[in-house]
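Presented below is the structure to which this report refers.
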Amino acid sequence: MKMVFLGPPGAGKGTIAALAKDYYGIPHISTGDLFRSNIKNETALGLQVKSILASGGLVPDSVTIEMVRNRIAEPDCEKGFILDGFPRTIPQADALAEMTGLDAVVDFQISTEAVVARLSGRRMCPSTGRIYHILFNPPKVEGKDDETGEDLIQRDDDKEEAIKHRLEVYTAQTEPLIKYYTDKGLIKGVDASVAPDKVFENLKKALA
Ligand code: ADP
Ligand code: ADP
């Protein structure tokens with residue numbers, strides 16, 4: 001199963017991908033996670049993209065496309081993959097179409113108010129990438145990862161100014177992909193406004 005998770009920042013794509021990757025037995029490829037791990041490890045790519053991520057803008061297409069091309073060429077992607085956060089622009093979608101076919105593009109449907117509430121309360125474990133929410137999915141011990149006990153962080157781009165910018169970028173650059181993939185007959189709409197286990201049920205039904 002080769003699929004793309006499409007939807008605004010904060011729609012719950014990463015949360016549902018963590019469930020779907022085990023269920024479907026395919027890797028979860030988040031371009032945001034790949035960039036953040038490069039930033040953490042201070043690679044050349046990480047240094048190049050650090051300020052872009054902090055501001056909530058998009059990394060240039062050429063850089064992002066090459067990173068994804070290398071990742072999906074790895075052997076674990078032969079049976080399929082979940083692409084989360086890619087493509088985000090029409091040129092990225094065109095480049096992906098040249099690399100591989102797709103079985104489905106899942107559109108996570110949710111209101112702007114709900115994504116703002118989800119993003120502003122999001123916390124994550126910096127080493128594992130595990131995602132929490134201060135109200136909707138709190139850790140067992142406040143501020144600590146459930147498994148490693150590490151301090152959770154708030155991403156720089158989950159602060160108010162960057163959230164606003166990211167939502168504008170989504171509307172201008174990424175939302176047009178819904179029509180792009182509808183025209184190709186690939187779109188599966190999923191109600192993402194409900195609790196995670198319900199969203200996952202909606203996803204399984206949409207893909208069945
Ligand atoms: P969210 O799902 O909360 O929007 P991500 O973790 O997917 O956040 O992305 C974080 C940041 O990484 C984006 O704001 C952007 O700067 C960069 N990024 C991730 N994916 C892409 C992409 N496909 N094209 C360009 N930039 C990207
Ligand atoms: P995305 O990858 O689309 O940016 P995330 O999976 O990181 O979104 O989720 C954004 C925030 O919303 C996180 O804090 C997460 O815990 C929370 N969240 C995710 N799914 C739901 C849901 N169905 N209901 C309530 N909160 C959710």
Side-chain angles (χ1 to χ4, degrees), residues 4-21 28-39 45-46 48-69 71-72 82-96 106-111 113-125 129-139 146 152-159 161-175 177 190-203:
V4 165
F5 280 7
L6 191 64
K13 303 180 297 297
T15 299
I16 300 305
L19 304 172
K21 78 176 168 99
H28 167 210
I29 302 170
S30 155
T31 42
D33 286 347
L34 290 174
F35 287 132
R36 281 185 291 275
S37 111
N38 275 278
I39 292 170
L45 173 63
Q48 188 186 350
V49 304
K50 188 173 180 185
S51 63
I52 302 176
L53 264 83
S55 73
L58 290 186
V59 174
D61 284 336
S62 56
V63 175
T64 309
I65 289 165
E66 282 322 297
M67 184 177 75
V68 171
R69 191 192 303 284
R71 180 63 188 88
I72 68 173
I82 301 168
L83 271 177
D84 163 15
F86 181 93
R88 260 176 156 93
T89 65
I90 302 267
Q92 291 181 13
D94 286 337
L96 181 62
V106 181
D107 176 28
F108 282 66
Q109 297 166 339
I110 185 164
S111 70
E113 301 79 75
V115 294
V116 170
R118 287 185 184 183
L119 289 172
S120 49
R122 175 160 63 185
R123 298 291 182 272
M124 70 176 259
C125 173
R130 220 182 330 269
I131 306 161
Y132 299 87
H133 189 282
I134 52 172
L135 301 175
F136 309 142
N137 178 28
D146 287 349
L152 303 181
I153 58 152
Q154 181 176 35
R155 283 168 41 178
D156 284 339
D157 58 345
D158 280 345
K159 297 177 182 160
E161 265 315 293
I163 289 178
K164 222 176 123 222
H165 185 215
R166 285 159 70 208
L167 292 173
E168 287 162 5
V169 168
Y170 173 77
T171 304
Q173 309 245 62
T174 309
E175 209 168 43
L177 291 175
V190 163
D191 176 7
S193 67
V194 289
D197 55 332
K198 295 277 185 317
V199 179
F200 187 42
E201 287 306 314
N202 293 343
L203 172 77

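For ligands, and for the atoms within them, numbers begin at 1 and follow the listed sequence.
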Over 12 foreign heavy atoms within 6.0 Å of NZ, Lys164: no
Got an N/O contact under 3.5 Å between Ala11 and ligand 2? yes
Would you check the N or O atoms of Gly12, main chain and side chain alike, for any that come under 3.5 Å of an N or O of ligand 2? yes
Hey, does the side chain of His28 reach the backbone of Asp84 with a donor-acceptor pair shorter than 3.5 angstrom? no
Proximal ligand 1 atoms for Thr31, defined as those under 4.0 Å from one of its heavy atoms: 19 (C), 20 (N), 21 (C), 23 (N)
Only one of Ile16, Leu6, Val115 clears side chain to side chain contact (heavy atoms under 4.5 Å, CB included) with Phe108; which? Ile16
Report yes if Ala192 has an N/O atom closer than 3.5 Å to an N/O atom of ligand 2; otherwise report no. no
Nearest candidate to atom 8 (O) of ligand 1, where distance is taken over non-hydrogen atoms, out of Arg122, Gln173, Arg155: Arg155
Can you find an N or O of Gly10 that's nearer than 3.5 Å to an N or O of ligand 2? yes
Pull out every atom of ligand 1 sitting under 4.0 Å from any heavy atom of Arg36, numbered as shown with elements. 6 (O), 10 (C)
Electrostatic pair Arg166:Asp158 at N-O distance under 4.0 angstrom: yes
Are any of the N/O atoms in Asp33 less than 3.5 Å from those in ligand 1? no
If you measure from each non-hydrogen atom of Val194 to ligand 2, which part falls under 4.0 Å: side chain, backbone, both or neither? backbone
Backbone or side chain, does any N or O of Asp84 fall under 3.5 Å from an N or O of ligand 2? no
Non-hydrogen atoms of Val115 versus ligand 2: any pair closer than 4.0 Å? no
What protein heavy atom sits nearest atom 24 (N) of ligand 2, and how far off is it? Arg118 NH2, 3.2 Å
What atoms of ligand 1 come within less than 4.0 Å of a heavy atom belonging to Thr64? 22 (C), 23 (N), 24 (N), 25 (C)
Under 4.0 Å, heavy atoms only, figure out whether ligand 2 is touched by the backbone of Ser30, its side chain, both or neither. neither
Can you tell whether the side chains of Glu201 and Lys198 come within less than 4.0 Å, N to carboxylate O? no
Does any N or O atom in Ile131 lie less than 3.5 angstrom from one in ligand 2, N or O only? no
Minimum distance, heavy atoms only, to atom 1 (P) of ligand 1: which one of Met67, His165, Arg166, Gln92 is it? Arg166
